[in-house]
Protein chains: 2
Amino acid sequence: MAEEHATKQFIRNAARRLFAERGYNAVSMRDIAGAIGKQPGGIYNHFPSKQTILVDLMEENLTRAHAAAIAPLPDTDPVARLEAFVRGHVKHNIENPDDIFIAYMELRSLEAEGAAQIMSKRNAYEAALRAILRDGQKSGAFTFADPAIHARAILSMLGGVTVWYRDTGAQSPAVVAENYVQAVLQSVGVPYSAPTKGQ
Amino acid sequence: MAEEHATKQFIRNAARRLFAERGYNAVSMRDIAGAIGKQPGGIYNHFPSKQTILVDLMEENLTRAHAAAIAPLPDTDPVARLEAFVRGHVKHNIENPDDIFIAYMELRSLEAEGAAQIMSKRNAYEAALRAILRDGQKSGAFTFADPAIHARAILSMLGGVTVWYRDTGAQSPAVVAENYVQAVLQSVGVPYSAPTKGQ
DNA sequence: TAAACGAATGAACAGTCATTCATTTCTGAG
DNA sequence: CTCAGAAATGAATGACTGTTCATTCGTTTA
């Protein structure tokens, strides 16, 4: 529980915003320093390299994604688990658009060491969804051909939320989550109609 | 129909491969020149700038995507049109993975002028899918809440194909397309079972 | 108050970038 | 064979890159 200088968090916040906005390669250490009103050299008192900032951001995001979508899953039937997964995932995506965008776009900006670390965490997350799909397929609740393909199709669909959610401030997160719950459940062959809202 | 020097196409091909592999910002004009065994200065005989190469690639891709997924749509019921759209879209994605990847990842590398041009073509493509969804919703064939959200959810799902298709050479394009047709049709509430292949 | 130490400065370093350009080489028409 | 114009060269330009470092500043401990 090492005490952390406030500047370190300022650097994280500025880097997150800038990486998401322009892309890792298009952001310079001078940009990050300028965004927090500091000189570039000072960043190296808190992070050993630019690459380390990126890995730090991705790592933290995956930890929180797991806590939001995987950890609190009920131990009940596949339909309830898939629905809870979608809600947790969409909620996390909507609440952390910059982190999600970076996680998706900057995988190839990772150098070997960080890449292995991040990919391993990522795979664990995807495996959790695959397990739900396989259970539902085995029990006859779900209808689809290939669990691996379908897991990726679902994650792609859900991952798209942040690509466009900024633009359309119109819908509330709850409404968006509702749409995705329906889309995902129907995509595995489970009929679904919204619970409260008319129609 | 201006005669085009062969070098111009070599530049396009090299740039496409490199942009997809490392990202626009991580590729230098020297890289592109080196990939075709030329000197960097010579590229400027064919393209006025690095940015122009990117816009050229994206423009061409959108033209071919339209020809593959929108232009040949039948004038029949929404279910048949949606199915045909998915098949055309997935086929185009699988056959042009580098172009699709660039179109998706490098939107923010576009400068103002090119961005407007590309976004306009992109929007037209998305609108064509929205029209199908609205028709199906109106006729009662489809079940979902919001056509705009659902159109984007579908495009996100389909766009994910190329993110992972390289890795899994296992499935044939036809099998993959079949999986996506089922996922998309079921996502709009239309029951679907594969036509020939057993179960 | 004094010593100590992390944080911040801002100049400097070596390298890379897109682009320009005078020059040379290639190619095809007359 | 000539010669014009396109294509290619390769060195040069000026701007920008991540990182280093001697130095100064600020704050906390003794």
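Just so it is clear, the structure is predicted and the values come from calculations on it, not from any experiment.
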Fill in: Pairs satisfying salt bridge (charged side-chain N to carboxylate O under 4.0 Å, His left out), at least one member in residues 27-49 of chain A, at least two apart
A:R22-A:D31
Fill in: Qualifying residue for side-chain hydrogen bond (donor to acceptor under 3.5 Å, both in side chains) with A:R81, from A:D75, A:T76, A:D135
A:D135
Worksheet item: Checking side-chain hydrogen bond (donor to acceptor under 3.5 Å, both in side chains) for the pair B:K121/B:T63: CA distance, chi angles, key distance, verdict?
Response: CA-CA 8 Å; B:K121 270 205 160 187; B:T63 300; 2.5 Å; yes
Worksheet item: How close do A:Y44 and A:S49 get, heavy atom to heavy atom, and via which atoms?
Response: CE2-CA, 4.1 Å
Worksheet item: Closest heavy-atom contact between B:F142 and B:L82?
Response: CZ-CD2, 3.8 Å
Worksheet item: Can you name the nearest heavy-atom pair linking A:A67 to A:P72, along with the distance?
Response: O-CD, 3.4 Å
Response to the item:
With a 4.0 Å cut-off (strictly under) to non-hydrogen atoms of chain A, the first and last hit nts on DNA chain D, 5' to 3', are D:dT17 to D:dT20
Worksheet item: Around B:F10, counting heavy atoms of other residues, nucleotides and ligands shown, do more than 12 lie under 6.0 Å from its CZ?
Response: no
Worksheet entry | Heavy-atom closest contact (B:Y125 atom, B:A69 atom, distance) | OH-CB, 3.3 Å
Item to complete: Tell me which residues in residues 105-116 of chain B put a heavy atom below 4.0 Å from DNA chain D, sorted by number, or none.
Response: none
Worksheet item: So where does chain A start and stop touching DNA chain C, 5' to 3', when the test is distance under 4.0 Å to a non-hydrogen atom?
Response: C:dA7 to C:dA12
Worksheet item: Are the charged groups of B:E178 and B:R87 less than 4.0 angstrom apart, N to O?
Response: yes
Fill in: More than 12 heavy atoms from other groups under 6.0 Å of NZ on A:K8
yes
Worksheet item: Should the pair B:H150 and B:F144 be assigned to parallel (<30°), tilted (30 to 60°) or perpendicular (>60°) ring geometry?
Response: parallel
Fill in: B:T52 versus B:P48, closest heavy-atom pair with distance
OG1-CG, 3.5 Å
Worksheet entry | Strand-adjacent residues in residues 21-28 of chain B, judged by heavy atoms under 4.0 Å from DNA chain C | B:V27, B:S28
Worksheet item: Hey, are B:E59 and B:R12 close enough for a salt bridge, meaning a charged N less than 4.0 Å from a carboxylate O?
Response: no
Worksheet item: Quick one, which residues of residues 37-50 of chain A touch DNA chain D with a heavy atom under 4.0 Å?
Response: A:G41, A:Y44, A:S49, A:K50
Worksheet item: Minimum heavy-atom separation for A:R17 to A:D98, with atom names?
Response: CA-OD2, 4.0 Å
Worksheet entry | Salt bridge present between A:R130 and A:E126 (N-O < 4.0 angstrom) | yes
